[in-house]
Structure formats: structure tokens, C-alpha cells
Undergrad: 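Take a look at the following structure, please.
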Amino acid sequence: MALFSSSTRDVPSVAEVPRHVAVIMDGNGRWAKKRFLPRVAGHVKGVELVREMVRSCLERGIRYLTLFAFSSENWRRPQEEVSLLMQLFVKALQQEVEKLDRNGVRLRVIGDLARFDEPLQQLIRQAEAQTAGNTALELTIAANYGGRWDIMQAVNRLATEKADQAGGWSEADLESRLSMHFAPEPDLFIRTGGEERISNFLLWQLAYTEFYFTPTLWPDFNATEFDKAIASYQQRERRFGRTSEQLSDTPNA
Ligand code: IPE
Ligand code: IPE
Ligand code: MG
């Protein structure tokens with residue numbers, strides 16, 4: 001795979017399948033509403049689709065899957081919905097971690113976890129520890145995550161850890177302190193549910209990512225829909241600032 005350096009991380013110029021897929025799983029509420037069901041029914045169905053997505057990534061050899069499950073702004077939702085979402089998160093962790101582990105999936109949760117209650121924080125730590133040796137797929141759940149929060153926590157750490165070099169910090173200094181420091185930048189970003197916005201997801205890392213927006217609601221985003229997103233990605237030409245001609249002249253440059 002041809003790699004070159006840029007201001008963004010080393011990035012593959014050509015890829016059969018994306019290495020890293022990041023998803024905003026949106027549209028659960030509307031899916032439920034269409035069926036005259038409570039919003040939470042959409043979230044329950046949404047968890048099933050997460051399972052299917054993980055399976056798809058394992059089958060297709062995608063190495064990193066990052067899913068936006070709860071944003072730092074989602075606390076603004078009605079208290080009842082927030083609490084049901086938390087319960088679902090706990091239940092999913094309790095029920096799925098064994099299976100993820102058996103399938104070689106490493107689980108991480110990124111975000112400001114201090115806002116979650118202690119039993120949930122403990123479940124997260126256990127799940128991360130149990131799966132820490134796995135390498136088939138790195139599954140990251142963004143929970144109480146915000147891209148701006150992430151950049152600020154990195155800056156604040158830099159300010160204490162490299163105070164003496166203030167004014168001379170590099171992109172690498174910041175990047176290594178971001179929550180996704182362990183992963184290459186996303187190659188493909190998917191947002192289901194029809195909105196075309198980032199909603200404070202991975203702001204720094206999406207600098208050169210290919211975007212795919214679909215009106216399909218998350219609970220309907222099955223493997224066939226995922227394959228459409230991958231096919232669309234494979235037709236893109238990732239130039240990283242170069243011209244099209246430069247790419248065809250020197251494909252490995
Ligand atoms: C996404 O679905 C899931 C979360 C934000 C937790 P929504 O709940 O935002 O569904 P819509 O956008 O209202 O349809
Ligand atoms: C974004 O979805 C966050 C998640 C999917 C977790 P929202 O549905 O909350 O996004 P906005 O607020 O409509 O942009
Ligand atoms: Mg939404």
C-alpha cells in the first residue's frame with residue numbers, strides 16, 4: 001500500500017477497502033416514529049445494526065471502526081431518553097463484550113467518561129481491559145464525545161506536559177494526545193439519517209476523510225447499504241492536494 005506523509009497522518013493513496021471507517025449513526029428516532037413506536041425502539045434496533053456493522057467490518061478486513069453513539073450535546077435530550085440510552089449502553093456492554101472478545105475485537109470508549117455513573121465507567125474499563133490484546137478489529141465507541149472537547153483536553157495536557165515548549169508545539173504533539181491517537185485518520189466517514197453535518201464528531205481527524213451521506217436511517221443501514229458506501233469510497237480519487245495527473249504519473253509518489 002502506497003503511503004506518503006502530509007500534514008495529515010500517513011494516508012493510503014489507494015485502498016481496496018478503507019482502513020478506518022467512522023460513522024454517525026443517526027435516524028433512530030425517525031425510524032421509530034415512522035412505525036408509531038417510542039424513540040427508544042429505534043435505539044434498540046440501532047444496537048442490532050451495530051452488531052451487523054461489526055460483523056461486516058470483520059468480514060471485509062476493515063481494521064478500525066469508530067461509532068458516534070452519544071454526543072456531548074445529547075445530554076440536552078429529554079431526561080427519560082438520556083436515561084434509556086444509558087441503560088442500553090450498559091446492557092450492550094454486558095451482553096456483547098464476550099462475543100466481541102471471541103471475535104478478536106478490541107473495544108475502546110472515547111469521550112468525557114467522568115460524566116457517566118461509576119458502574120458504567122467500571123464496565124467500560126473492564127471491557128477495554130478484557131479486549132486489550134485483540135487485533136482483528138479496533139472498535140471505538142464515542143460516548144459523551146465532542147470533537148472540541150477532545151482538542152481542548154489535548155491542548156490542556158500539552159500545556160502542562162510541555163509547558164517549557166509553549167509556542168513551539170507541533171501537530172504531532174497535539175495528535176498524540178487526542179483520543180484517537182492509536183488509529184490512522186478515518187478514510188471513510190458515513191452519516192446516515194439524511195443530515196449533512198459533522199455534529200462535533202472527530203473534527204481534527206476528518207481533515208482529509210471521504211464523506212458519504214445517505215438518507216437511509218441507521219436502523220436500516222444493513223450490510224448492503226454499507227457496501228454501497230464502500231463502493232462509493234472506492235470510486236473517489238484521493239489527491240491530498242495533488243493534481244489528478246500527478247497521481248496517474250507516479251501512483252506511489
Ligand atoms: C441517533 O439517532 C442516535 C443518537 C443520537 C443517540 P437519533 O436519536 O438522533 O434519531 P433522529 O435523528 O431523531 O431520527
Ligand atoms: C449526532 O446525532 C450524534 C450521534 C449520532 C450520537 P444527533 O442526531 O444528536 O445530531 P444533531 O444534533 O441532529 O446534529
Ligand atoms: Mg438525530
Side-chain angles (χ1 to χ4, degrees), residues 20-54 56-57 64-96 107-117 120 123-124 127 139-153 178-180 183 186 188-206 209 211-222 225-226 229:
H20 183 176
V21 178
V23 188
I24 297 187
M25 310 180 288
D26 198 13
N28 293 351
R30 278 162 285 166
W31 183 91
K33 194 170 176 189
K34 268 179 27 187
R35 288 164 178 75
F36 306 102
L37 295 168
R39 291 179 58 85
V40 67
H43 298 317
V44 171
K45 181 72 180 170
V47 175
E48 266 180 48
L49 271 288
V50 170
R51 238 176 259 132
E52 186 163 337
M53 188 78 174
V54 168
S56 292
C57 287
Y64 298 87
L65 174 64
T66 303
L67 302 173
F68 205 5
F70 192 87
S71 75
S72 42
E73 288 71 30
N74 286 145
W75 297 104
R76 296 175 183 149
R77 293 194 177 196
Q79 166 60 34
E80 196 201 345
E81 180 167 349
V82 170
S83 129
L84 286 167
L85 280 167
M86 291 302 146
Q87 286 172 32
L88 265 183
F89 191 20
V90 168
K91 204 167 131 201
L93 283 171
Q94 287 168 338
Q95 293 180 347
E96 305 296 331
L107 180 73
R108 286 189 179 88
V109 181
I110 59 165
D112 186 2
L113 305 186
R115 178 105 187 243
F116 296 131
D117 64 24
L120 177 51
L123 266 177
I124 291 170
L139 170 64
T140 305
I141 306 293
N144 193 21
Y145 180 87
R148 290 183 179 174
W149 164 82
D150 198 3
I151 292 168
M152 282 315 299
Q153 64 79 26
L178 291 170
S179 306
M180 294 296 300
L188 172 62
F189 163 94
I190 298 171
R191 181 170 188 147
T192 63
E195 312 304 344
E196 302 191 350
R197 54 181 176 244
I198 302 183
S199 298
N200 200 15
F201 196 24
L202 304 165
L203 297 178
W204 175 279
Q205 296 86 345
L206 295 176
T209 301
F211 281 47
Y212 180 84
F213 295 103
T214 170
T216 302
L217 304 172
W218 174 252
D220 293 324
F221 194 78
N222 57 21
E225 293 295 320
F226 186 31

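Side chains are part of it too, since the values below use all heavy atoms of this structure and drop only hydrogens, waters and symmetry mates. Order of appearance sets the numbers: ligands from 1, and atoms from 1 within every ligand.
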Undergrad: Give the minimum heavy-atom separation between Ile151 and Leu178, together with the two atoms involved.
TA: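 Here Ile151 and Leu178 meet closest at CA-CD2, 3.9 Å.
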
Undergrad: At a 4.0 Å threshold, what atoms of ligand 2 neighbour a non-hydrogen atom of Ser199?
TA: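 By the 4.0 Å cutoff, the relevant atoms are 10 (O), 11 (P), 14 (O).
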
Undergrad: Purely on distance, is any nitrogen or oxygen of Asp26 under 3.5 Å from one on ligand 1?
TA: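 Yes; the residue has a nitrogen or oxygen that sits under 3.5 Å from a nitrogen or oxygen of the ligand.
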
Undergrad: Can you pull out the closest protein heavy atom to atom 4 (C) of ligand 2? Residue, atom name and distance to 0.1 Å, please.
TA: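 Of the protein heavy atoms, Phe68 O, 3.9 Å lies nearest.
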
Undergrad: If you have a sec, work out which protein heavy atom is nearest atom 1 (C) of ligand 1 and how many Å separate them, to one decimal?
TA: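 Residue, atom and distance for the closest contact: Met25 O, 3.0 Å.
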
Undergrad: With heavy atoms only and a cut-off of under 4.0 Å, state how Leu217 meets ligand 1: side chain, backbone, both or neither.
TA: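 No part of Leu217 is near ligand 1 at this cut-off.
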
Undergrad: Start with the C-alpha distance between Tyr145 and Phe70, add both sets of side-chain angles, then the distance that settles side-chain contact (heavy atoms from CB on, under 4.5 Å), and finish with yes or no.
TA: CA-CA 7 Å; Tyr145 180 87; Phe70 192 87; over 6 Å; no

Undergrad: Would you tell me which option among Glu73, Arg77, Arg76 has the nearest heavy-atom contact to atom 7 (P) of ligand 2?
TA: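 When every heavy atom of Glu73, Arg77, Arg76 is considered, Arg77 comes closest to atom 7 (P) of ligand 2.
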
Undergrad: Kindly give the heavy-atom pair with the smallest separation between Met25 and Phe68, and that separation in Å.
TA: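 Minimum heavy-atom contact is CE-O, 3.3 Å.
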
Undergrad: Answer yes or no: are there more than 12 heavy-atom neighbours, outside Arg51 itself, under 6.0 Å from its atom CZ?
TA: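 It does: Arg51 CZ has more than 12 such atoms within range.
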
Undergrad: Which ligand 2 atoms, with their elements, are less than 4.0 angstrom from a heavy-atom of Arg197?
TA: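 Counting from 1, the qualifying ligand atoms are 11 (P), 13 (O), 14 (O).
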
Undergrad: Heavy atom under 4.0 Å from ligand 2: found in Phe201's side chain, backbone, both, or neither?
TA: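 The answer is neither; Phe201 stays 4.0 Å or more away.
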
Undergrad: With atoms numbered from 1 as shown, which atoms in ligand 1 lie under 4.0 angstrom from a non-hydrogen atom of Asn74?
TA: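 This gives 5 (C) as the contact atoms.
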
Undergrad: Using every non-hydrogen atom in the two residues, find where Leu206 and Pro186 come nearest and quote the distance to one decimal.
TA: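 Looks like CD2-CG, 4.0 Å.
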
Undergrad: Minimum heavy-atom separation for Leu93 and Ala127, please, with both atom names.
TA: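 Closest approach of Leu93 to Ala127, heavy atoms only: CD2-CB, 4.2 Å.
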
Undergrad: Just jot down the ligand 2 atoms closer than 4.0 angstrom to any heavy atom of Ile24, in number order.
TA: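 Under 4.0 Å from Ile24, ligand 2 has these atoms: 1 (C), 5 (C).
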
Undergrad: Counting heavy atoms only, name the option from Arg30, Glu195, Arg191 that's nearest to atom 10 (O) of ligand 2.
TA: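 Considering heavy atoms of Arg30, Glu195, Arg191, the nearest to atom 10 (O) of ligand 2 sits in Arg191.
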
Undergrad: Mark yes or no for whether Asp26, through its side chain, and Gly194, through its backbone, hold a donor-acceptor pair below 3.5 Å.
TA: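 No; zero donor-acceptor contacts below 3.5 Å.
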
Undergrad: What is the nearest protein non-hydrogen atom to atom 13 (O) of ligand 1, stated with its residue, atom name and distance?
TA: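 Going by distance alone, atom 13 (O) of ligand 1 is nearest to Arg39 NH2, 3.0 Å.
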
Undergrad: Can you tell which part of His43 has a heavy atom less than 4.0 Å from ligand 1: side chain, backbone, both or neither?
TA: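 Within the 4.0 Å criterion, His43 contacts ligand 1 through side-chain atoms alone.
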
Undergrad: Does at least one non-hydrogen atom of Gly193 fall below 4.0 angstrom from an atom of ligand 1?
TA: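 The answer is no: ligand 1 sits nowhere under 4.0 Å from a heavy atom of Gly193.
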
Undergrad: Any side-chain donor paired with an acceptor under 3.5 Å for Arg108 and Ser179?
TA: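 No - no donor-acceptor pair under 3.5 Å links their side chains.
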
Undergrad: Where do Val50 and Trp218 come nearest, in terms of heavy atoms and distance?
TA: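 Heavy atoms of Val50 and Trp218 come nearest at N-CZ2, 3.9 Å.
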
Undergrad: Just let me know how Ala142 lines up against ligand 2, side chain, backbone, both or neither, with a heavy-atom cut-off below 4.0 Å.
TA: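 No part of Ala142 comes within reach of ligand 2.
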
Undergrad: Of all the atoms in ligand 2, which lie at a distance below 4.0 Å from a heavy atom belonging to Phe70?
TA: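 Per the distance check, 6 (C).
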
Undergrad: Do the ring planes of Phe89 and Phe116 sit parallel (below 30°), tilted (30 to 60°) or perpendicular (above 60°)?
TA: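 It falls in the perpendicular class, over 60°.
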
Undergrad: Less than 2.8 Å away from the Mg ion (ligand 3), how many protein N/O/S atoms can be counted, ignoring water?
TA: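 There are 1 of them.
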
Undergrad: Ignoring hydrogens and angles, state whether a donor on the side chain of Ser72 or Asn144 is under 3.5 Å from an acceptor on the partner side chain.
TA: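 Not at all, the side chains of Ser72 and Asn144 share no donor-acceptor pair under 3.5 Å.
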
Undergrad: Applying the side chain to side chain contact (heavy atoms under 4.5 Å, CB included) criterion to Leu67, which one of Thr140, Val23, Ile190 satisfies it?
TA: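 Single side chain to side chain contact (heavy atoms under 4.5 Å, CB included) partner of Leu67 among Thr140, Val23, Ile190: Val23.
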
Undergrad: What residues, two or more places apart in sequence or in another chain, satisfy side-chain hydrogen bond (donor to acceptor under 3.5 Å, both in side chains) together with Arg77?
TA: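 Only Glu81 meet the side-chain hydrogen bond (donor to acceptor under 3.5 Å, both in side chains) criterion with Arg77.
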
Undergrad: Closest approach of Leu113 and Ala143, non-hydrogen atoms and distance?
TA: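 Shortest heavy-atom contact: CD2-O, 4.0 Å.
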
Undergrad: Provide, to 0.1 Å, the distance between atom 6 (C) of ligand 1 and the closest protein heavy atom, together with that atom's residue and name.
TA: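 For this ligand atom, the closest protein heavy atom is Ala69 O, 3.3 Å.
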
